[in-house]
Student: 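Below are the C-alpha cells for one structure; questions will follow.
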Amino acid sequence: MNSPESLKDTLNLPKTDFPMRANAVEREPARMDHWEKAGVYSKMQEKNQGGPSFILHDGPPFTNGDVHVGTALNKILKDTILRFKNAQGFSTPYLPGWDCHGLPIEHKVTKKLRDSKVDFDSVQLRKECEDFSKSYIETQRGQFKRLGVLADWENEYRTMNPAYEAEILRTFADFVEQDLIYRSKKPVYWSIPCQTALAEAEIEYKDHVSPSIFVRFQLKEQENAFVVIWTTTPWTLPANLAVAVHPREKYCKVSHGDVFYWIAEQRVQSFSEECGLDGFTIEDTCIGSDLAGQVASHPFIDRNSPIVSAEYVTMDTGTGCVHIAPGHGLDDYLTGLEHGLEIYCPLDDGGKYVDDGQIPSELVGVSVLEKKDGSKANHAVLQILSESGALLAHKKHNHQYPHCWRSKSPVIFRAMDQWFVSLDKDGLRQRCMDGIREVSFTPEWGRNRINGFLESRPDWCISRQRSWGVPIPVFFDEDGNALLDSNLIHFLADKVSKLGCNVWFSHSAEDLLDGFDLPEEWKGRKLSKGQDTLDVWIDSGCSHRAVLRGSDKISWPADLYLEGSDQHRGWFQSSLWTSMISSKAPPYRRILTHGFVVNGEGKKISKSDGKPQTADSFVTKYGADVLRLWVCSEDFRRDIPLSDEILDQTVRAYRTLRNTIRFQLGALHDFSEAEHNVPPKEMSSIDLWALNKTNELIQEVTDSCEKYEFHRAIQSINRFCSGVLSSTYHDIIKDRLYTLRSDDKLRRSTQSALISILRSLLKLIGPFTPYIADEAWSFLQKSEEYCDDCLALQEWPQCTDLSEKQQACIDVQSLLDLKDSKVNESLENLRVKKEIGQSLDAEVTLQIPEEGELDQTIRRFNLDELAELFIVSQIIVSPIPAGEDIRVSAQHASGVRCPRSWRWVPELVHVEPWGDVSPRCAEVLANHS
RNA sequence: GGGCGCAUAGCUCAGUUGGUUAGAGCACACGCUUGAUAAGCGUGGGGUCGGUGGUUCAAGUCCACCUGUGCCCA
C-alpha cells in the first residue's frame with residue numbers, strides 16, 4: 001500500500017460519464033444527426049421485414065407556417081406508436097406527407113404579390129404558391145425531425161406532386177364514371193368590382209349603414225291578413241321565394257285599422273313601435289308550424305311565396321318572419337333545398353338584374369353595387385314597395401357587413417353554378433355508414449361523431465373559384481354545356497402525372513385536348529377550359545389511393561389514421577367518401593383521435609396567451625424529450641392542457657427518470673455481463689423482487705401502449721422509478737453495492753438484476769423519450785455517448801421467468817409492507833426525538849406472533865438479510881403468542897459505528913492502514929488492492 | 001342555436017359490472033442525510049369527486065336539469 005487511501009476510496013461508489021444534466025437543447029440535435037447517419041429508420045424497417053405490418057397513414061399537415069404545438073403533439077403520438085409497434089416486431093413503414101394546395105397559401109401569396117404591385121396571372125400565382133409551400137415543407141420537416149420523429153423522409157408525399165395530382169384526377173374520374181357529379185347553383189360571396197367569388201378568409205367585416213325595412217306579404221287565404229318580414233337588403237326581394245317562421249315559437253295576429261299582421265309574439269312590441277301601429281289589438285295566436293304551409297303573395301311580382309318553417313329563425317330582431325331568397329344566403333339556400341325551392345339568382349356577374357321574364361322592367365339592368373349614394377337597386381326596390389303600399393317602415397340600420405378585401409366594397413351573396421357530388425346516388429351514403437361500422441374507434445364516441453356528419457351532410461360541393469389547387473377537368477362549349485368525360489379525365493391525368501397541374505393553366509383547351517378522341521357529338525365545337533379548382537378536401541382525401549396504393553413500401557388499407565377530433569368532419573370523412581366510391585371499402589381499420597391543446601385554465605390557446613405556440617418555441621426551451629413526455633403524460637383523447645406549471649412538472653419527472661438511470665449506470669460501472677452475470681435462480685431475494693416488479697411494469701406499459709393509453713404507461717413508469725427503484729430497491733442495495741468486495745456474489749447478483757432492469761426500462765421509455773433512452777443505451781453498451789446498435793433497433797422487453805422464485809418475491813413484498821407500515825413509523829419516532837439520524841443508527845425489534853404468516857416468512861430470512869431490507873444496523877426478532885398483534889419497536893443501535901459501512905456492530909477490528917472497521921469491512925479490506 | 005365530447009386533491013392521472021374512512025406520482029410543509037448531492041430518504045397536511053335534484057338500503061360510479069369548457073356546424 002504505497003499511497004494511503006481514505007476509507008471512502010475503498011468503497012465501490014457509482015461511477016458514470018452519463019451527465020446528470022441533460023442539456024437537451026444543445027445535445028439532442030447531435031443525437032438526431034447520429035440517427036440519420038446511422039440510418040436508424042431504414043434499419044428498423046429491415047429488421048422487421050417480412051413480419052406482420054402495421055400501417056399508420058400520415059394525415060398531411062398544411063404547409064403554411066411553422067409546426068404548431070398541436071401538430072407536434074400529433075406527430076409525437078404517431079412516432080411513439082410506430083416506435084412501440086416496431087419494437088414489437090411489426091414492419092412499420094411510415095411515409096409522411098404534406099398538404100400543399102389551398103386558400104390560406106393562395107391568400108398569403110396573393111397579398112404579397114399585391115403589396116409588391118406586380119401583375120400576375122394564375123400561372124405566376126401558382127408558381128409563387130408552390131415555392132411558398134416548398135419552403136415550409138423544408139421548415140416543417142426540420143422541425144418534425146427535431147422532435148425525434150423517425151420516418152421515410154426521402155419518400156414523403158406531397159399533394160402537389162404530379163403523380164399525386166394525377167391520382168386526384170383519377171379519383172374524380174371515378175366520380176364522373178359513377179355519374180355522381182352534377183352542376184347546380186349555390187350562393188357564394190361575390191365581389192362585383194372584382195367580378196370574382198371570395199372565400200370567408202377574403203372578407204373583411206366593417207361597419208355599414210343599410211336600409212332597414214318592414215315589408216308585408218299578403219296571405220292568400222286570409223282576407224286583409226299579411227305576414228311581415230324585415231330585411232336590410234331590399235335588393236334581394238326580387239329573388240324572394242318564401243317566408244320562414246320558427247315552428248315552435250308563438251305568433252300573434254295583430255289587428256290595426258282594418259288589416260291584420262302576423263308577427264312573432266316576442267317581436268310584436270318592437271314591430272308596432274317601428275311601424276307606428278298605435279292602438280293595435282291581438283286577435284289570435286298560433287305557433288309557427290300552424291302558419292307553415294300557408295301561401296303569401298310576393299309584394300310586387302306575380303309569384304307565390306310559401307310560408308315554411310326553419311329552426312334558425314330567431315326572436316332577437318325583425319318580426320320572426322324571415323324573407324327567404326335561396327340564391328342570396330346560405331341559410332336561405334339550405335331552406336330552399338329542404339323545401340324544393342329554386343336556387344334563384346337574377347343577377348349577372350356585374351351585379352345587375354337580368355331580364356328573365358320575372359324581374360320588373362324598371363329593375364332590369366339596375367345594379368345592386370353600393371356607391372356613395374347607396375345602391376341603385378335598393379332605391380328602385382324601395383320605390384316599388386312604397387308605391388304598392390307593401391312598405392310598412394323604412395329606417396337606417398348600422399351593422400357589421402362583409403366587404404371585399406381587395407376592392408373594399410360590400411360583397412353580395414350570389415348563387416353560382418357549382419359542381420356537386422351526389423351522396424345518395426346508388427345508396428352511397430348508406431354504404432359509407434355501413435362501411436364505418438367495420439372500423440374501430442378510439443375513443444369509441446368518434447363513431448357517433450362521424451356518423452352524425454355522414455348522416456346529415458348535404459351533397460358535397462367540390463368546386464372552388466380558386467387558382468392554387470387541382471383544376472376541375474371540364475370543358476364548356478359556347479352555349480355553356482359542360483363536357484365531363486371520365487376517359488378524357490384519365491387522358492388528362494396521364495398528362496398531369498408527367499407535367500403537373502400547371503399544364504392545365506399554361507395550355508389552351510386545344511392543346512390540352514390534342515390527341516384525345518372527342519365523343520362524336522362534341523367534335524367540331526369550340527371548347528374552353530373550366531376555371532374552377534377542386535375542394536382541397538378531395539386532395540387529402542385521396543391520399544389512401546395516391547400513397548397507400550401508390551407505393552410498394554406500404555399497403556392499403558391503413559391499420560390506423562390518427563388525427564385531431566376535428567378530422568371527423570374533415571379528412572376521415574373525405575377519405576371515407578373517396579374510398580367508398582373508388583375502392584368500395586373504408587381506407588382505415590381504426591381511427592384514433594386526440595383533442596386539442598388548451599391552456600392551463602382549460603381554454604383554447606389564443607394569441608392573447610402571449611408567445612407563439614410553435615413546437616420550436618418549446619423545443620428550444622425544454623428539448624424534445626420533455627415535450628414528448630408532456631404529450632405522453634396527458635390523456636390525449638380529451639383536451640390537452642399546456643402551461644408553464646405543467647411543463648415544469650414534466651421537467652421534474654424527466655429529471656427523476658434521468659437520475660434513476662444515472663444511478664443504475666453508475667452502479668454498473670465495474671460489471672461485465674459476460675464475466676459476472678448471476679442467473680435469476682441464484683439471485684438474492686431483493687433482486688428477485690425487483691425483477692418481479694420490473695415484470696409487472698413491462699406488462700403494465702405494454703397493456704397501456706396497446707390501448708394507446710400512454711399516460712397510464714408514463715404513470716406506471718414514474719411510480720416505478722420513485723416507488724420501486726429510488727425509495728426502495730436502490731436505497732436497500734446501496735450498502736452491498738458500496739461496501740462489499742467488488743466481485744462479491746451478492747453484489748454481482750444485484751448488478752445482474754440492475755442491468756436487466758435498466759435494459760427493460762430503457763426499452764420501455766424508448767417510444768416516449770427516445771433521446772435520453774438512446775443516450776443511456778449507448779452508455780450502457782459502450783460507456784460512450786453514441787453507439788450504432790441504437791436503442792430504436794432493440795426488441796420490446798420480455799419478462800424474466802421467475803416462476804420458480806415466486807415465494808421469494810412474495811416474502812420480500814410482505815417484509816417491505818411491514819417496513820412501510822410499522823418499521824418506518826418507529827424509526828421516525830426516534831428521529832423526531834433526535835435519537836437517530838439515518839436509519840442505520842437504529843436497531844429494530846420485531847415481535848411476531850408465532851405461526852402467523854409473517855412468522856413463516858421471517859424464518860426464511862437471516863438477521864443480516866432483514867437488517868439490509870429495513871436499512872438498519874441490527875434486527876431482533878422475538879416471538880409472541882399466536883393471535884396477538886405484530887409489534888415493532890426501534891431504539892438506537894448498540895455497539896460502535898463502523899466508519900466505512902456506517903453500520904453499528906458490537907466491536908471493530910483494526911486493519912492497516914485504515915484503522916478500525918467492522919469485521920465485514922475488515923474482510924473486504926484484507927483483499928483490497 | 002344545434003351535434004359530439006369533457007369536468008376526481010395545487011398539477012398529471014387511477015378509481016372494474018353502484019358497496020368498508022376516495023388512491024398514486026409530482027408539488028407543498030417539516031425532519032433526516034451529505035457515499036445518486038443543482039441528488040437521495042422519512043413523515044405529514046391537502047379532494048366529498050363542477051352544481052342542483054332524483055333512483056337506491058347504498059352513487060365519484062345510474063338518470064334529469066344546470067354551469068363551465070373543447071371540437072364541429074349554423
Side-chain angles (χ1 to χ4, degrees), chain A residues 6-16 18 20-21 246 310-316 330-331 334 443 445-453 455-457 564-570 573 593-605 629-630 632-635 637-641 643-653 655-656 658-667 709 711-712 714-723 725-728 730-732 734-735 737-739 819-820 823-825 827-832 834 836-841 871 900-902:
Chain A
S6 75
L7 275 176
K8 186 173 166 180
D9 294 330
T10 70
L11 296 172
N12 285 304
L13 294 179
K15 198 159 76 185
T16 177
F18 183 80
M20 181 168 227
R21 307 249 299 163
H246 193 286
E311 293 285 337
Y312 59 81
V313 173
T314 67
M315 296 297 132
D316 305 339
L330 204 56
D331 277 337
L334 292 171
W445 52 257
R447 182 189 306 284
N448 245 342
R449 198 159 192 226
I450 203 166
N451 263 327
F453 291 130
E455 227 163 1
S456 65
R457 79 167 292 167
S565 59
D566 56 336
Q567 300 303 335
H568 284 118
R569 186 191 155 76
Q573 212 197 133
T593 51
H594 55 78
F596 279 69
V597 179
V598 294
N599 65 21
E601 279 79 53
K603 295 189 184 172
K604 67 166 128 197
I605 48 179
L629 192 55
W630 160 70
C632 296
S633 302
E634 300 283 347
D635 181 351
R637 296 164 296 194
R638 44 197 193 207
D639 297 334
I640 302 132
S643 65
D644 288 339
E645 185 187 13
I646 292 168
L647 282 171
D648 285 346
Q649 169 179 277
T650 310
V651 168
R652 282 190 292 265
R655 278 208 279 258
T656 302
R658 192 166 182 93
N659 269 316
T660 305
I661 290 166
R662 183 164 183 266
F663 176 81
Q664 299 201 331
L665 284 170
E709 292 177 340
H711 61 288
R712 280 174 176 266
I714 296 298
Q715 300 253 343
S716 295
I717 290 167
N718 287 344
R719 235 177 303 139
F720 181 79
C721 284
S722 58
L725 295 181
S726 198
S727 70
T728 307
H730 290 174
D731 220 26
I732 290 168
K734 279 176 196 169
D735 179 75
L737 284 173
Y738 298 173
T739 68
K819 178 179 178 228
D820 272 345
V823 177
N824 282 345
E825 189 188 341
L827 293 176
E828 184 65 14
N829 285 338
L830 285 184
R831 218 164 356 233
V832 169
K834 300 285 177 198
I836 61 164
Q838 54 180 1
S839 61
L840 278 178
D841 295 339
I871 321 183
R900 184 171 180 278
S901 67
W902 296 346

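Chain A is the first sequence line, chain B the second, and so forth, proteins listed ahead of strands; every chain is numbered from 1.
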Student: Could you tell me whether A:R569 and A:D566 have a side-chain N and a carboxylate O separated by less than 4.0 Å?
Tutor: no
Student: Taking any heavy-atom pair under 4.0 Å as a contact, classify A:P641: base, sugar-phosphate, or nothing.
Tutor: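 The residue A:P641 makes sugar-phosphate contact but no base contact.
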Student: Please work out if A:G837 contacts a base, only the sugar-phosphate, or nothing of the nucleic acid, heavy-atom cut-off 4.0 Å.
Tutor: sugar-phosphate
Student: Grab the CZ-P distance between A:R655 and B:rC26 for me, whole Å please.
Tutor: 14 Å
Student: If I take atom CD in residue A:E455 and atom P in nucleotide B:rG2, what distance separates them, rounded to the nearest angstrom?
Tutor: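 Going from A:E455 (CD) to B:rG2 (P), I get 18 Å.
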Student: For nucleotides 20-23 of chain B, print each protein N/O atom paired with a nucleotide N/O atom at under 3.5 Å, atom names and distance only.
Tutor:
none

Student: Tell me if the side-chain of A:S726 makes a donor-acceptor pair with the base of B:rA36, cut-off 3.5 Å, by modelled atom types.
Tutor: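 Answer yes: a donor N or O sits under 3.5 Å from an acceptor.
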Student: A:R652 side chain: which of B:rC71, B:rA27, B:rG10 is closest?
Tutor: B:rA27
Student: CZ of A:R655 to CZ of A:R21: how many Å apart, nearest 0.5 Å?
Tutor: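 So the gap between those two atoms works out to 7.0 Å.
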Student: Using Watson-Crick and G-U wobble pairs with both distances under 3.5 Å, what is the 5'-to-3' dot-bracket string of RNA chain B, with [ ] for crossing pairs and | for pairs outside the strand?
Tutor: (((((((..((((.....[...)))).(((((.......))))).....(((((..]....)))))))))))).
Student: Could you tell me whether the phosphate oxygens of B:rG15, OP1 or OP2, come under 4.0 Å of any side-chain nitrogen or oxygen in A:R712?
Tutor: yes
Student: For A:D731 and B:rA36, what is the distance between atoms CG and C1' respectively, to the nearest whole Å?
Tutor: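 From A:D731 CG to B:rA36 C1': 10 Å.
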Student: In whole Å, what is the span from the NE2 atom of A:H246 to the C1' atom of B:rG2?
Tutor: 11 Å
Student: Does A:R900 count as lying over the ring of A:Y738, i.e. NZ or CZ under 6.0 Å from the six-ring centre, within 45 degrees of the axis?
Tutor: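 The answer is no, since A:R900 fails at least one limit relative to A:Y738.
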Student: Using modelled atom types only, decide if a donor and an acceptor are shared between the side chain of A:S565 and the backbone of A:G595 within a distance under 3.5 Å.
Tutor: no
Student: In whole Å, what is the span from the CG atom of A:N451 to the P atom of B:rG2?
Tutor: 21 Å
Student: From B:rG70, B:rU12, B:rC26, pick the nucleotide closest to the side chain of A:S722?
Tutor: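 From the listed options, B:rC26 comes nearest.
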Student: Have a look at A:K819 and say if it touches a base, only the backbone sugar-phosphate, or nothing, with a 4.0 Å heavy-atom cut-off.
Tutor: nothing
Student: Taking any heavy-atom pair under 4.0 Å as a contact, classify A:H730: base, sugar-phosphate, or nothing.
Tutor: base
Student: Hey, is the side chain of A:R637 pairing donor to acceptor with the base of B:rC6 inside 3.5 Å?
Tutor: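 No pair found.
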Student: If I pick the C1' atom on B:rG68 and the same atom on B:rU52, what distance separates them, to the nearest angstrom?
Tutor: 15 Å
Student: Can you see if the side chain of A:R449 gets near the phosphate of B:rG3 - specifically, an N or O under 4.0 Å from OP1 or OP2?
Tutor: no
Student: Take atom P in B:rA9 and the same atom in B:rA22, then report the distance between them in whole Å.
Tutor: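 The answer is 14 Å between these two P atoms.
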